Amino acid sequence: MAIRVCLSVLLLAFLLAAGPFVQVARAQSEEEAATAEVVEGADLGIVGDDTQVFSDGPLSPAAGVETVCVFPKNAGKIVPAGEETELLVGLQNEGESTLNVVAIHSTLHLPYDHKMYGQNLTVQNFFNASVPVSVQATFPYTFVLSKFLQTGAYDLVGYIVYEIDQHPYQNVFYNGTVEVVEAGGLLSVESVFLITLGVALLGLFGLWAYGQVQQLSKKTKKTTKVELGTGTTDANMDEWLEGTAFAQGSKSKKKK
C-alpha cells in the first residue's frame with residue numbers, strides 16, 4: 001500500500017512538471033498555417049510604450065483579413081522577463097483592396113481579470129509594408145517584458161493595425177496564455193520545487209524499502225530451527241549432568 005502511495009505522488013509531481021509543454025502539437029499546426037514569406041521590404045520602427053498609432057475609438061477588423069500567430073521554436077510560449085521574445089504574425093488578405101500594415105502592439109493582463117494590465121508592451125511600426133489582394137505575408141514582432149515582473153501565467157493580447165483606402169482597421173492576432181519565467185534561468189521556481197520534492201520522495205521510498213528488507217531478514221532468522229537427533233541429545237545431556245548428584249543417583253538405580 002505504501003509503495004502505491006509513493007508511486008502516485010511521484011506521478012503527480014511528474015505531470016505538474018510537464019504542464020508547460022502539453023501544447024506542442026497545437027503550436028506546430030499554427031506554424032504550418034503561417035509559412036508565408038516574411039516581408040523583407042518593410043522598414044521597421046520601434047516607438048515608446050505610450051505612443052498611440054491608432055484612432056481614439058476602438059478599431060474593428062476588415063472583411064476578408066485573417067491573422068495567425070506563431071512563437072518560433074517556442075511551443076510552450078515561455079517568455080523570459082527582461083529578455084527579447086520574438087513572434088511572427090501571419091496576415092492573409094482576401095479582401096477587395098491592398099492593405100498597408102501600420103503597426104503591431106500588445107498588452108499583458110492578469111489571467112483572472114483583463115481589466116488589470118500587467119504591462120503595455122512596445123509598439124512596433126512598419127513602413128512600406130503593403131499586402132496585395134489574395135496574398136499572405138508574415139511580420140516579425142519583438143517585445144520585452146519588465147525584468148521586475150513576477151513569474152507565472154499571464155494573458156497576452158496582440159494587435160495588428162493596418163489601413164485600407166486610408167481607413168484604419170485592427171485584428172487581434174493572439175489572445176492567450178504565456179508563461180513568464182526568470183531571465184537567464186533554465187529552471188523556474190516551480191520546477192526546482194518539483195525536482196526537490198521528487199528527490200525527497202525517492203529518498204523516503206529508499207528508506208522505507210530498506211526498513212522492509214531489514215524486518216524481513218529478522219523474521220527469517222527467528223523462524224530458522226535446528227533439529228537434533230535423539231541420540232545426540234541424550235549424549236549431550238549425560239555430559240552436562242556428569243559429576244552432579246543427579247548423575248550419581250541415576251547410576252545407583254541402574255546397579256540395583
Side-chain angles (χ1 to χ4, degrees), residues 16-31 33-34 38-39 42-54 58-59 61 67-91 101-127 129 138-162 170-195:
L16 290 174
F21 306 99
V22 296
Q23 297 181 351
V24 174
R26 181 181 176 185
Q28 288 178 346
S29 63
E30 291 178 352
E31 187 170 359
V38 176
V39 177
D43 298 327
L44 299 180
I46 299 178
V47 293
D49 296 346
D50 299 329
T51 303
Q52 299 294 322
V53 294
F54 20 84
L59 299 178
T67 57
V68 68
C69 174
V70 175
F71 288 74
K73 301 180 181 179
N74 187 5
K77 298 178 177 61
I78 308 299
V79 181
E83 295 183 358
E84 289 188 349
T85 299
E86 181 184 14
L87 55 82
L88 299 177
V89 181
L91 186 147
V101 175
V102 177
I104 295 177
H105 69 107
S106 59
T107 56
L108 197 68
H109 305 261
L110 298 180
Y112 53 83
D113 188 358
H114 272 207
K115 294 180 181 179
M116 301 181 65
Y117 282 83
Q119 184 180 352
N120 270 328
L121 303 180
T122 301
V123 176
Q124 182 169 294
N125 284 345
F126 291 85
F127 305 101
T138 303
F139 299 88
Y141 175 59
T142 303
F143 62 92
V144 180
L145 299 183
S146 172
K147 62 181 179 180
F148 302 107
L149 191 66
Q150 184 178 359
T151 59
Y154 290 84
D155 284 350
L156 178 69
V157 182
Y159 308 87
I160 182 168
V161 182
Y162 51 94
Q170 176 177 270
N171 279 46
V172 176
F173 61 82
Y174 183 77
N175 185 1
T177 303
V178 294
E179 185 71 19
V180 179
V181 299
E182 294 180 0
L186 296 178
L187 297 176
S188 64
V189 176
E190 291 81 3
S191 299
V192 173
F193 170 76
L194 292 175
I195 293 174

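Note that this is a predicted model, so its numbers are computed, not measured.
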Undergrad: Which pair of non-hydrogen atoms, one from P140 and one from E86, has the smallest distance, and what is that distance?
TA: CB-OE2, 4.0 Å

Undergrad: Are any non-hydrogen side-chain atoms of L88 and P72 less than 4.5 angstrom apart?
TA: yes

Undergrad: Identify, with sequence neighbours excluded, every residue that meets ring-ring contact (aromatic ring centres under 6.0 Å, His included) alongside Y154.
TA: none

Undergrad: Taking atom CD1 of I104 and atom OG1 of T142, what is their separation to the nearest 0.5 Å?
TA: 9.5 Å

Undergrad: What is the distance from atom OH of Y141 to atom OH of Y174, rounded to the nearest 0.5 Å?
TA: 13.5 Å

Undergrad: May I ask you to decide if the ring planes of F139 and F126 are parallel, tilted or perpendicular, using 30° and 60° as cut-offs?
TA: perpendicular

Undergrad: Who passes side-chain contact (heavy atoms from CB on, under 4.5 Å) against T67, sequence neighbours left out?
TA: L91, I160, N171, F173

Undergrad: Taking all non-hydrogen atoms of both residues into account, name the closest pair between G158 and S106 and its distance.
TA: CA-CB, 3.8 Å

Undergrad: Kindly indicate, with the supporting measurements, whether the criterion side chain to side chain donor-acceptor pair (under 3.5 Å) is fulfilled by N120 and T107.
TA: CA-CA 5 Å; N120 270 328; T107 56; 5.2 Å; no

Undergrad: Among residues at least two apart in sequence or on other chains, which ones pass side-chain contact (heavy atoms from CB on, under 4.5 Å) with V144?
TA: E84

Undergrad: Rounded to the nearest 0.5 Å, what separates atom CD in Q119 from atom NE2 in H109?
TA: 11.5 Å

Undergrad: How close do Q150 and V180 get, counting heavy atoms only, and between which atoms?
TA: O-CG1, 4.2 Å

Undergrad: Return the minimal non-hydrogen interatomic distance between A183 and A81, and the atom names on each side.
TA: CB-O, 2.8 Å

Undergrad: Starting at CZ of F143, measure out to OG1 of T85 and round the result to the nearest 0.5 Å.
TA: 4.5 Å

Undergrad: Carefully, step by step, assess L108 and V178 under the rule side chain to side chain contact (heavy atoms under 4.5 Å, CB included).
TA: CA-CA 9 Å; L108 197 68; V178 294; 4.2 Å; yes

